[in-house]
Every structure is written in structure tokens, then in C-alpha cells.
Amino acid sequence: MVIGDRESGEVELCAVMDKEASESFKLEHNWKRDSICKAYEPRGFRRTSMILCFMAAATVLFTSGYLTGFLLHRNRNLPPSPDALPSDHLVLHETGAAPHMDWEDVKKLLAEKLTATKFEPVFSDFSSVNHQAGSPGDEDLANKVINRFKEYGMDTWTDEHFVKVQDPPISGSNRVLFKNRKEERPKGFLSYSANGTVTGTVLYAHYGQENDFMLLQSRNINMTGRVVLVRAGRISFAEKVANAAKLNASAVLIYADPTDYSIGDSTQLFGHVHMGSGDPYTPGFPSNNHTQFPPVRSSGLPNILAQTITAAMALNIVRELGGQTAPTEWKTYHKLGDDSDTITVEVNNVLTEKKINNVFGVIKGFVDADRYVVIGAQRDAWGPGFAASTVGTGVLVELARSISEMVKNDGFKPRRTIVFASWSAGEYGSIGATEWLEGYLSSLSMKAFSYINLDGVVTGRSGFKVAGSPLLHSLILSTLKEVNPQEDLLEPMKLDNPSYPFMAFSGIPSVSFGFSSDSDYRYFGTVLDTREALNTVTSNQVPQLAVTSAQFAGHIALRLVHDHLLRLDLGKYEKTLLFQVAQINGKVKAIQRVKAQQLPKALTVHWLMSAYGSYSRASRALASDIQNSDLDDIEKCRTINDRIMTVERNFLSPYVSPKDSPFRHILLGSGPHTITALSKHLDAMRADNPEADTDLFHNQFALLTWTIQGCANSLAGDIWSLDNEI
């Protein structure tokens, strides 16, 4: 690497960041990556540069004829740089080890095998009224799935775990008593709530989001000991409870407001409030029966009570609340509650151990059999769970059948392996999937290059939403063009998304998607999630929508196992890093201008910018290596793909424990190690928040910088190729 090149990128980056800071931290998302890499000529070298340019021109004239002849007589075209063309224009070729099948033929074969008429009997076979995790109904469905896999000629296996879940009381009940009037005994519950009895005054807090509580704090409302009443929706139940717990509330009551969910006044809600995924009593390691661990609890378990109530119960409370009127931003007539609005909440949930089974089928690759994409779907549900689990399981089984037939009957030979997984205990927080990840973390992080989630792929028909790792964005967009499923929306991945632990805990690029309505599917977490209900919201188009969903998932999976190179776009993370680093730089400069004493004297953003520059150069160097490599060389191609696969994994912070901060991804995870937490810490310092800690910030800053640099080092490949001046 020429020193001038290094200076060019970083000097330009500094200029961009200085401009960004002067514009009150405003940064456009559509900055072009190449805008920070213009040629830069170091001072004092102008004459030397002219001489070098003359020599370079002579060299070009000498070699142009040779290169032209060489290119004209090559037997194949090397793929253009991923920076030069969209990913769907890359020219990739098969080797003798995996006979060539044109991508258009692959798509055509899949389309022929996925039909609406074939989904109907599958939905009927996998529909069940009662298949809660660990129940006989759940086990029966597991056997049906694995028998289907065997019928298709796939190798199969099961993965058994003994997990702790919290269920409603076997005898007795949970109860809510408002102003010593009629006692309510809701049948719904929230798994992993704290148990006990509390009495406090009601505080209405809208959806329980952070900004909702900030509005209440701006009115100097004391939330200590309050019983917070919030609507379902917008964020997960776990996030609502965690937000209330931070402000010392004593309990949270959650209901489905009729303006959001037209499910009836007496419909019970079910869910969980673990701020994490997997068995919270074995955080960071698998719940295997033969493994003995000391008693431990996930840091994501709440220490306050949480309970769902029906809309009728909630409205009876809301109508009688006194106190201040709700903020105008909430657009509601509710009052917030005062000291006379006393309420008692009692939770008596029971912690039980259940045996669950994940079941798997595999279609092995013909070149890199030990590299695989995983396609998975949740199998369990609180009730019928037709949209929550039946449709996804049906799509999983039909994809397995279709691709198996393509391999057995039509000559398709995938380069890499496809693993099909049916998970249990998804309703308790992706327990089955997370326990599998925890049990095989070291091998999966090296071998699994993508996860495709099939949960909730049909919950409406008015739009198509996709959430995925930035590495998959280009592949997602090209697949959307191929499948063309109406209007589409690429959205951030939420904490309760089943793909989230794959990406933020294990560092496996992941994607979730599905047809949806304008609002959340109102029957999730209820016993009303039936075939009839889903037919109503989709105008009886469930099989047709399932076909399109299967094609979308199938195209992504098959593209990842068909091409020489993994279609993971490193440039997306480069843009993400640029935006985040520039934002941090702007906030640091703003504090330095007005409150320089709050920042450590030794703190400089230079090293963070340098780490970003290292990632940018490593990404471009890899693109150059691809441009100049013989992709018919199986080992060379595998080496390049392995470098690509390290990116997501190396964004996991190595400085935090999976037990304490399971979602270790510095860009997409949650916790004090993330770049979001660093940015919020700067906001707190600027606002003179007493919780701001300059020493802690300095430590966060250093560890984040080195995590980015470590990712760049790994992406660079060989140790002698490292571009590192930190």
C-alpha cells in the first residue's frame, strides 16, 4: 500500500467529517463511496509525481498490446469488480466438479416445482390446534417434518435440548385489582416475568417506547414504583418492560388497543419478556441434559412484574384515570393517572423444564460441502398459529421437496450445502434456534454463511417487507426484481426478529421477509391465529403468496450455493461504517468546541477513522483479488469466500461476554459495546447527563475502534497483507 493512498483516503475522510460536523451532524445516506478516495498528491512530491506519471505512460504503451492479445485469447471472462457492476451482473462460471447449469434454468426449474395446488395439502397436514413447545402436538409435527425430509431422500438428524420456560400457574391464577373493585384474572401471560405482588399507582405510557418515557420525564413525572400501562405494538413486549424497569417502575401491564388491533375486547395475549433469545437460564451455552452448569440467569431477564390484560380490562382502567392529559404527540384522549389510581398486580407463573427437538434435513453440496446456508422455520405456537408457524413450516417443506427433486431428477448440483431446520420453542424467544447456535457456535461461525428465516412470511398481501444483514442487501434487491412481489420495503431488523440471534449473536448474515398488511398482524400471540383469519386478511390468497415467498427464499438460497463467489456485498458495510464514523466525529468535535474538558485529553477520532480506512482498503483489495484470480481454481475460490464469510463474524465484539451481552454485533447488536451506545454516550456528555462517564466512554471508544480494525485485518487475508498503523 502506497503511503499516499493511505493519506488520500483518510485526509479526504477528515474533510468530509469536518464538513459534516459543521452542519449539525447531518449526513446524507446516499454518499458515494468513491467520493472519499479521490487522488491525493502529498506536498513536496509534485515533481516526482510528474516523472512517475511519464514512466507509467510509457509502461502502459509497452504492455497494452500484450494485454489486449492475452484478453482476446482467454477462454473465459474474469468477473468485473463488485464495485464496478451490480452483483447481478457478475459473470461466474462452474467448474468440472459441479457441472454447469445456467442460472435462468435453475430459476425455471424452481418455478415449475412450486405451485399453489401443492401447498394446500401441506398446510392441511401441518395444521394443529395445540402444538405449544414441548407438547405432544409439537413432537407430532416434528416427526411429520423429519419423515418428509426422509421421503425426499435427505439425510436427517435431531437436536435435543432441555430448556426452562415459564408457563401460567397450574393452580390459581395471575390477577389484577384496580381501585379495590372487580378482581380480574387474565388467562394470557408473559413468560419470564418476575413473580410476586405489587401495589402502585397507574401510569399510562402509550407504547412504552423510549421516546414515550422521555415525554413523561419532561413533565417531571416520577415513575418509581408506578404500574405502567402500555399498548401492544411498535416494539417487543421485552423492550417495553425493559424501558419501564430502567425508570424503576414496579410492574407493566400490556393490552391490545382496539385502535391498533381489532381482535375483540376479551382476547387474551401471550408472549415473553426476556430481553434476549434462547433459554435465559443457560445464557451463552446450550441447554443440554448431560451438561452441568452452575445456576445462572440471563442479564435480559426482567426484575419487575409483567402481565397482559384484555382490551376490556384496560379500557375500564383508562376511563377512570385522573391526572395530566396525555402528550399531544400521542394523539389520544387518555389521562396519565394520579395518586388515587391504585392497582394491585400479582404474577404467579411457573418455571418448568421441557424437552424440545429441532429437526434437520440436508442437501449436500458437490464442491464445498462443509459450507452451508441454513433455511429455518418455527414449528410451535401458543394456539393454532397458522401464520406464526404453519405457513413457514409448509414453505420449508416445499422448498426441501423442490430442491431435492432438482438435484435428483434435473441434474442441478449445488456447489455448497443447504440445511433445512424446523425449530421448537420459537414463541418463548427463538429458544430452539438459539440453543443450536450456542451448541455449535465455533463451527457454525466458520461454515454457515447465511440464514434465511421463514417465520411469518404471509401475514397480509398489501406489501412485501424484508429485513436483512447489509451484506445481503444487493442479493435481496436483485432477487426482488426476479420475483417481483408487488411493492417492497427494506427495513431494519428488530430485536424480536427470529433472524436476529443468527446475525447479532453468531455473526451469520441473515434475512427475514414476508407479505404484510399496513399494520402488524393482529392475531400474533393469540389463539385466533387460524387459517380462516389469515384467509380474511389475504383475500384467500395464502397458497399463492406462499409460492412467491418460497420463490424469494429459494432464489436467495440457490444463488448462494450456485455461484462461484458468495454474493455478499462488502461495500454496504463500508457505507454503513462511513456514516457512523462521520456521525461520531461530528459529535466529538461539537463537544470539543464547547465542553472540551468533558473529553479525555488523549482522545482522538484519528484512530477510528484509520480503522474505517483499513476496512475500506481491505474491501477494495479483496475486489482486486477477485478481479485477478482464476475462479476455476477451487481452492482459490474457497479462500476468497472464506475471507468474505469472516466479515459479519468479526463485527462481533470480542471484548464482551455472550452471557452478559449476547448480541455482540457492534453495528447491529445491543449493549454498551455498540456504536449506537457510543453515540448515545456522546449525547449524554453533551447534555451534562450525570450518568455520562468519560473513562467508560474512552474505554468503549478504544474497544470499538479495535473491533473494526480487527475485522479489516481478517478481511485483508494473509498476515503480510495487513494494512494497520494503529
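What's counted below: heavy atoms across the whole structure, side chains too, no hydrogens, waters or symmetry copies.
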Are [X] and [Y] near enough that their ring centres are under 6.0 Å apart?
X    : Y    : result
W436 : W423 : yes
Y500 : F663 : yes
Y615 : Y573 : no
Y428 : H272 : no
Y372 : F449 : no

Are [X] and [Y] close enough that some pair of their side-chain heavy atoms sits under 4.5 Å apart?
X    : Y    : result
L471 : K572 : no
S298 : H274 : yes
M493 : S499 : yes
M275 : L495 : yes
V561 : R415 : no
L715 : S619 : yes
H673 : Y655 : no
L622 : R643 : yes

Taking atom [atom1] of [X] and atom [atom2] of [Y], what is their separation to the nearest 0.5 Å?
X    : Y    : atom1 : atom2 : result
H681 : T676 : NE2   : OG1   : 14.5 Å
F502 : T434 : CZ    : OG1   : 7.0 Å
I591 : L682 : CD1   : CG    : 4.5 Å
S430 : Q378 : OG    : CD    : 7.0 Å
T694 : N699 : OG1   : CG    : 11.5 Å

Salt-bridge criterion met for [X] and [Y] (N-O under 4.0 Å):
X    : Y    : value
D370 : R638 : yes
E239 : K494 : no
E210 : K680 : yes

CA sep, side-chain torsions, deciding dist, call: F651, V647, side chain to side chain contact (heavy atoms under 4.5 Å, CB included)
CA-CA 7 Å; F651 278 128; V647 173; 3.7 Å; yes
The single option from C711, S469, S445, S450 that satisfies side chain to side chain contact (heavy atoms under 4.5 Å, CB included) with E648 is S469
Who are the ring-ring contact (aromatic ring centres under 6.0 Å, His included) partners of F505, not counting sequence neighbours?
none
Residues in salt bridge (Lys or Arg N to Asp or Glu O under 4.0 Å) with K164, at least two apart?
none
Given the rule in the side chain to side chain contact (heavy atoms under 4.5 Å, CB included) test, do M645 and M446 qualify, once you have shown the distances and angles that lead to the verdict?
CA-CA 8 Å; M645 286 171 59; M446 295 293 293; over 6 Å; no
